[in-house]
Amino acid sequence: LAYWGNPNATTNLPSVTNGSAWSANYVGVWHFDGTNAAGQIPDATAGKNNGTNVGTDNSPGLIADSGSFATNTYVTLPTSIAGSSLGSACLWMNTTRNYTNSVMLYYGASEAGGDGFGDQREVHLGLNSSERPEFAIEGGTSDARAVSSISCADGAWHFLSATWDINSNAVLYVDGTRSAADVHDAYAFSFSAGHRLGRPLTGGSGERFYSGLIDEVQVSSIARSSNWIWACWMNQGSNTLFNSYGKVRRRADGTVILLK
């Protein structure tokens, strides 16, 4: 809903703050437009699953502000809202850093001590040591791992998305396009040990910590379709190409904005 042009309207519509703009399948949406009074990263959904900020700063982002991550900074998310059986995670990232180890942008685990590559049960979306996006679900008869051939340490904004369904595949998307996939034959587990942005549970002296910007993180309880991922990429990153606005038509009973 677009609403503007009335100088007497000094308050936002309820949907701006009550989370009704986001369907129940969204378990968390973090815009990184600053912190709330408690110093948390606010969740825009009705669930109010706010993130605990550990040292990240705000920086200009793709959509308003973004989170600026560096060594030993991260965000902790509620552990009860996601797991390895079914879900999606989407985010925008921007970095120029060259990494000697894989780093974690989005991470969840059911066991303590995980760094993304041990024996623990973990889900992680990040960049490998060649700065290429990778998505993995570990713990099972064999790990599910999808690795892209696209390097993303170029100082540009990239939209990384991962979807997973234990009855199907683990799929990695880069900038709205399916980039890699693997059969999801890992175990089903919750993220009871940890759920984070920017780092795994362990990693020592900043290893596997992400350095760069993160914006518009969205986590869902369902595996989003390829069309959905593409639409999010286009809508958020190139809105003027995704849709156009017609003329404002004023009528006695209100104002109509035509979308094309």
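As the structure is a prediction and not an experimental result, all values here were calculated from the model.
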Residues which pass side-chain contact (heavy atoms from CB on, under 4.5 Å) with Ala46, listed by chain and number, not counting sequence neighbours: none

Residues passing the side-chain contact (heavy atoms from CB on, under 4.5 Å) test with Thr96, sequence neighbours excluded, are none

Partners of Phe189 by ring-ring contact (aromatic ring centres under 6.0 Å, His included), sequence neighbours excluded? none

Between [X] (side chain) and [Y] (backbone), is there a donor-acceptor pair under 3.5 Å?
X: Thr73; Y: Ala70; value: yes
X: Asp143; Y: Gly139; value: yes
X: Thr45; Y: Gly47; value: yes
X: Asn169; Y: Val171; value: no
X: Trp92; Y: Leu213; value: no
X: Asn49; Y: Gly28; value: no
X: Thr56; Y: Phe69; value: no
X: Gln120; Y: Asp115; value: no

We want to know whether Asn18 and Ser20 form a side-chain donor-acceptor pair, criterion being a heavy-atom distance below 3.5 angstrom. yes

Among side-chain atoms of Arg178 and Ser226, is any donor-acceptor pair under 3.5 angstrom? no

Minimum-distance pair of heavy atoms, taken over all atoms of [X] and [Y]:
X: Glu131; Y: Ala153; result: CG-CB, 3.4 Å
X: Asn36; Y: Asn50; result: ND2-ND2, 3.6 Å
X: Ala193; Y: Ser110; result: CB-C, 3.4 Å
X: Ser84; Y: Ala188; result: OG-CA, 3.3 Å
X: Asp182; Y: Ala144; result: OD2-CA, 3.5 Å
X: Phe32; Y: Asp65; result: O-CB, 3.3 Å

Pairwise distance [atom1]([X]) to [atom2]([Y]) - rounded to 0.5 angstrom:
X: Ser168; Y: His184; atom1: OG; atom2: NE2; value: 9.5 Å
X: Leu91; Y: Gln236; atom1: CG; atom2: CD; value: 10.5 Å
X: Leu160; Y: Phe135; atom1: CG; atom2: CZ; value: 12.0 Å
X: Ser68; Y: Asn58; atom1: OG; atom2: CG; value: 9.0 Å
X: Thr52; Y: Gln40; atom1: OG1; atom2: CD; value: 5.5 Å
X: Ile41; Y: Thr76; atom1: CD1; atom2: OG1; value: 10.5 Å

Pair Leu197, Leu77 - check side-chain contact (heavy atoms from CB on, under 4.5 Å), show working. CA-CA 8 Å; Leu197 301 173; Leu77 305 177; 4.0 Å; yes

Do [X] and [Y] sit in one hydrophobic cluster, given that two such residues count as connected whenever their side-chain heavy atoms are within less than 4.5 Å of each other, even indirectly?
X: Phe191; Y: Ile81; answer: yes
X: Val27; Y: Trp228; answer: no
X: Val219; Y: Ile166; answer: no
X: Phe159; Y: Met234; answer: yes

Side chain proximity check, [X] to [Y], heavy atoms < 4.5 angstrom:
X: Val29; Y: Asp43; result: yes
X: His158; Y: Met93; result: yes
X: Gln218; Y: Trp22; result: yes
X: Trp30; Y: Val75; result: no
X: Ser129; Y: Thr100; result: no
X: Thr79; Y: Ser190; result: no
X: Val147; Y: Leu172; result: no
X: Pro133; Y: Leu127; result: yes

Parallel, tilted or perpendicular: which fits the ring planes of Tyr74 and Phe209, with parallel below 30° and perpendicular above 60°? perpendicular

side-chain contact (heavy atoms from CB on, under 4.5 Å) between Leu201 and Arg196, worked out: CA-CA 8 Å; Leu201 294 181; Arg196 292 178 172 180; 3.9 Å; yes

Take Asn167 and Leu86, measure what side-chain contact (heavy atoms from CB on, under 4.5 Å) needs, and give me the verdict at the end. CA-CA 9 Å; Asn167 296 312; Leu86 185 68; over 6 Å; no

Please assess Asn94 against Leu62 for the test side-chain contact (heavy atoms from CB on, under 4.5 Å), listing each intermediate value before the final yes or no. CA-CA 9 Å; Asn94 185 328; Leu62 179 75; over 6 Å; no

List the residues meeting salt bridge (Lys or Arg N to Asp or Glu O under 4.0 Å) with Arg145, not counting sequence neighbours, and say none if there are none. Glu138

Ring-face cation contact, Tyr26 with Arg224, 6.0 Å cut, 45° max: yes

Kindly state whether the ring of Tyr173 and the ring of Trp233 have centres lying under 6.0 angstrom apart. no

Just grab all the ring pair (Phe, Tyr, Trp, His ring centres under 6.0 Å) pairs involving residues 95-132, residues at least two apart or on different chains. Tyr106-His195, Phe117-His124

Which residues pass the side-chain hydrogen bond (donor to acceptor under 3.5 Å, both in side chains) test with Ser148, not counting sequence neighbours? Ser179

